[in-house]
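Report on one structure; see the data block that follows.
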Amino acid sequence: MNFKDQVFEQVKRIPKGKVATYGQISNQFKILNLKIKIDARIVGWVLHANKDPKVPCHRVVDRNGRIAPNFAFGGAEEQRRRLLAEGVKFNDKMHVDLKLCFWQG
DNA sequence: AAAGTGACGCATT
DNA sequence: TAATGCGCCACTT
């Protein structure tokens, strides 16, 4: 079990129709497991490297609710479609409505 | 060991 | 929205 797997486990827990942020996820590790230092940047790096469809990467956005410009499954457009299909609302082309869809782990 | 890289975060312009 | 700059951590070369 390394930090990557822990990130995946956390991402898999995000419920349908909700989104979490890179910062929030990394912050949870800092609280629950002080030995493992994880930065928001690492979370993004792990997700980008990941290509496993089991991990709902599209539910992870940055702290402003902005989706990834280089989404690994087909680009930002694809990520946006997936979120809309789950009921996540968008304020702009690149921003989800965190006020309504932010997942409190 | 050192440097380059990146789906970030935050402040500023 | 976009562009810089600094701080951050793990990975690859």
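Naming: A, B, ... by sequence-line order, numbering from 1 per chain.
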When you compare the protein's N or O atoms with those of nucleotides 9-12 of chain B, which come within less than 3.5 Å of each other, and at what distance?
unit_1, atom_1, unit_2, atom_2, d
B/dG9, OP1, A/G23, N, 3.1
B/dG9, OP1, A/R63, N, 3.4
B/dG9, OP2, A/R63, N, 3.1
B/dC10, OP2, A/R63, NE, 3.3

Donor-acceptor pair, A/D62 side chain versus A/N64 backbone, under 3.5 Å? yes
Which heavy atom of A/C101 sits nearest to which heavy atom of A/K89, and what is that distance? SG-N, 3.9 Å
Is a salt bridge present between A/R13 and A/E9, judged by a nitrogen-to-oxygen distance below 4.0 Å? no
Is the closest side-chain heavy-atom distance between A/R59 and A/R82 below 4.5 Å? no
In whole angstrom, give the distance that lies between atom NE2 of A/H48 and atom C1' of B/dG6. 9 Å
If you only use heavy atoms from C-beta on, which nucleotide in C/dC8, B/dA7, B/dG6 is closest to the side chain of A/L47? B/dA7
Of all heavy-atom pairs between A/P56 and A/V11, which one has the smallest distance, and what is that distance? CG-O, 3.4 Å
A side-chain contact here means heavy atoms from C-beta on lying under 4.5 Å apart; do A/M94 and A/I67 qualify? yes
May I ask you to test the A/L47-A/Y22 pair for a side-chain heavy-atom distance under 4.5 Å? yes
Check DNA chain B against residues 74-103 of chain A and give the residues with a non-hydrogen atom under 4.0 Å, in numerical order. none
Heavy-atom pair of closest approach, residues A/I14 and A/A20: CD1-CB, 3.7 Å
